[in-house]
Amino acid sequence: MSYDREKQVAMDAAIAAAKLCQQVRQDIPQAIEKQDKSPVTVADFGSQAIICKALGEAFPDDPVVGEEDAAELRKPEMAETLNKMLGYVQSLIPDATADRVTDWIDRGNGSVSPRYWTLDPIDGTKGFLRQDQYAVALALIEGGDVKVGVLACPAMPVGGREPGMLYVAVRGEGAAMMPLAGGELQPIQVVSPEDAENLRFVESVEAAHGDQSRQNAIAQAAGITAESVRVDSQAKYGIVASGKAALYLRLPSPKKPDYRENIWDHAAGAIVVEEAGGKVTDMYGKPLNFADGSKMVNNRGVVVSNGVLHDRVLAVLNR
Ligand SMILES: Nc1ncnc2c1ncn2[C@@H]1O[C@H](COP(=O)(O)OS(=O)(=O)O)[C@@H](OP(=O)(O)O)[C@H]1O
Ligand SMILES: [Mg+2]
Ligand SMILES: [Mg+2]
Ligand SMILES: [Mg+2]
């Protein structure tokens, strides 16, 4: 079956959401604290609204499993935030209203199903707030297999031009990237073992999201001598997929041994790397499970590589 329409709708929606995010970021957004103490901004909500609206119109039967929901925003004390967010959405969708945007956001409260989308409207909210990297991440999953993935990375450097790169993949069709400012999709490939300059590894900026000392020790033992490059969000998957790094390691934080990864933090990135010729598993070599729920309860950590390095990294990790 062809996923041309899914790919196009997902790309257009992610590009529109990325525009909103960049507009919000120019105005120096405020962080709102969620119940789990993690930050969210009007851009996270606006991005989810725009993408869920587009998916709802194009694929009304598809559930969307998104990170955010509008319950807090509907509270009277959040009226100012809601209004601010609405203003940004209206710059792209003039007939948006407060009721409509909150409904669009809540389309993201769907459940994992035989066919569903998963959405992280801003992955790397902390990076977004720091003016560093972040990604709008959207993936279509069917029968537990990711079929389409789109990653918009509005802050990704694009040699000499306005920053912003879009990465996209369809199962069986390869991966490609395109500057967000416009241009053609260009096929991408993971790095080959001969390309010593790009045999570096990437990890999260936030120390609490992984185990940086172990990540560095494992990468060294697997033969990567250069220091890690720390990047926020699924931009790390885009960097591996486009051959700018050979490895992305995300090992469980010793401080949060019970943390389980969310599907929306990995699905889009995973297909982009796989279709660029790389490999993605958990730290024990198990495939990431997108079939059972919004958390990958039976996976621990994530190993993303150019493929060639993968077995060596797993061997070092599990010896
Ligand atoms: N303890 C712990 N362990 C692992 N992962 C965690 C943890 N806490 C949060 N998160 C998730 O990390 C998402 C941000 O991605 P990164 O960690 O790759 O980027 S960053 O460098 O930390 O910004 C972040 O995604 P967003 O909430 O979309 O920003 C979280 O879902
Ligand atoms: Mg978050
Ligand atoms: Mg995330
Ligand atoms: Mg997020």
Side-chain angles (χ1 to χ4, degrees), residues 14 17-18 20-21 24-25 29 31-52 64-70 72-73 105 108-109 117-139 150-156 201-212 214-215 228-240 245 247-270 272-273 280 282-283 288 294-297 299-304:
L20 179 142
C21 294
V24 175
R25 197 150 89 148
I32 305 156
E33 197 172 78
K34 292 205 279 190
Q35 266 159 8
D36 68 358
K37 305 275 179 217
S38 69
V40 66
T41 71
V42 290
D44 300 61
F45 291 121
S47 169
Q48 179 151 328
I50 284 175
I51 293 176
C52 286
V64 182
V65 183
E67 180 181 356
E68 312 302 344
D69 80 74
E72 287 293 312
L73 275 181
I105 291 168
N109 285 331
W117 296 81
T118 191
L119 168 64
D120 195 336
I122 291 189
D123 184 38
T125 306
K126 288 177 182 164
F128 175 75
L129 287 162
R130 261 193 262 106
Q131 304 282 320
D132 284 335
Q133 291 300 319
Y134 68 101
V136 176
L138 177 61
V150 173
L151 281 183
C153 301
M156 187 64 74
F201 96 96
V202 285
E203 61 181 351
S204 287
V205 173
E206 299 291 330
H209 293 181
D211 184 347
Q212 289 177 338
R214 189 168 179 213
Q215 284 155 196
S228 74
V229 180
R230 291 183 175 156
V231 179
D232 301 279
S233 84
Q234 283 171 76
K236 292 186 275 296
Y237 282 97
I239 289 170
V240 173
L247 182 66
Y248 161 23
L249 283 177
R250 187 178 186 90
L251 302 176
S253 159
K255 289 189 184 146
K256 285 197 186 161
D258 297 330
Y259 184 83
R260 292 296 182 275
E261 300 284 342
N262 301 305
I263 54 175
W264 54 75
D265 285 328
H266 298 283
V272 169
V273 165
V280 181
D282 76 0
M283 63 187 283
L288 301 186
S294 64
K295 294 219 175 262
M296 300 190 283
V297 287
N299 290 122
R300 305 292 285 129
V302 180
V303 176
V304 179

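First listed ligand is number 1; within each ligand, the first listed atom is number 1. No experiment lies behind these values; they were computed from the predicted model shown. Count residues from 1 along the sequence.
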Engineer: Is Val231 near ligand 1, meaning one of its heavy atoms is under 4.0 Å from it?
Structural biologist: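 Yes, Val231 has heavy atoms under 4.0 Å from ligand 1.
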Engineer: Students should be able to answer this: which protein heavy-atom is nearest to atom 9 (C) of ligand 1, and at what distance?
Structural biologist: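 Sorting protein heavy atoms by distance from atom 9 (C) of ligand 1 puts His209 NE2, 3.4 Å first.
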Engineer: Would you mind listing which atoms of ligand 1 come within a distance below 4.0 Å of any non-hydrogen atom of Asp120?
Structural biologist: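 Once the distances to Asp120 are compared, the set is 28 (O).
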Engineer: Which pairs would a plain distance check flag for residues 251-258, meaning a side-chain donor or acceptor within less than 3.5 Å of a matching protein atom at least two apart in sequence or in another chain?
Structural biologist:
unit_1	atom_1	unit_2	atom_2	d
Ser253	OG	Lys255	N	3.1
Ser253	OG	Lys256	N	3.4

Engineer: So, 4.0 Å and heavy atoms of Ser233: is ligand 1 close enough to count as a contact?
Structural biologist: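 Ser233 counts as a contact of ligand 1 under the 4.0 Å cut-off.
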Engineer: Just the protein N/O/S atoms under 2.8 Å from the Mg ion (ligand 4), please, no waters.
Structural biologist: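 Less than 2.8 Å away from the Mg ion (ligand 4) sit Glu67 OE1, Asp120 OD1, Ile122 O.
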Engineer: I need the atoms of ligand 1 closer than 4.0 Å to a non-hydrogen atom of Gly124, numbered in the order shown.
Structural biologist: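 Heavy-atom distances to Gly124 below 4.0 Å select 26 (P), 28 (O), 29 (O).
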Engineer: Looking only at protein heavy atoms, identify the closest one to atom 30 (C) of ligand 1 and say how far it is in Å.
Structural biologist: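 Scanning the protein heavy atoms, the shortest distance from atom 30 (C) of ligand 1 goes to Asp265 OD2, 3.7 Å.
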Engineer: Against heavy atoms of Glu261, which atoms of ligand 1 measure under 4.0 Å?
Structural biologist: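 Close to Glu261: 4 (C).
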Engineer: Which option wins on minimum heavy-atom distance to atom 5 (N) of ligand 1: Glu67, Glu68, Arg250, Arg130?
Structural biologist: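 Nearest heavy atom to atom 5 (N) of ligand 1 lies in Arg250.
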Engineer: Heavy atoms, side chains only, cut-off 4.5 Å: are Leu247 and Val303 in contact?
Structural biologist: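 Contact flag for Leu247/Val303 side chains = yes.
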Engineer: Given side chain to side chain donor-acceptor pair (under 3.5 Å), test Gln215 with Glu203 step by step and report yes or no.
Structural biologist: CA-CA 8 Å; Gln215 284 155 196; Glu203 61 181 351; 2.7 Å; yes
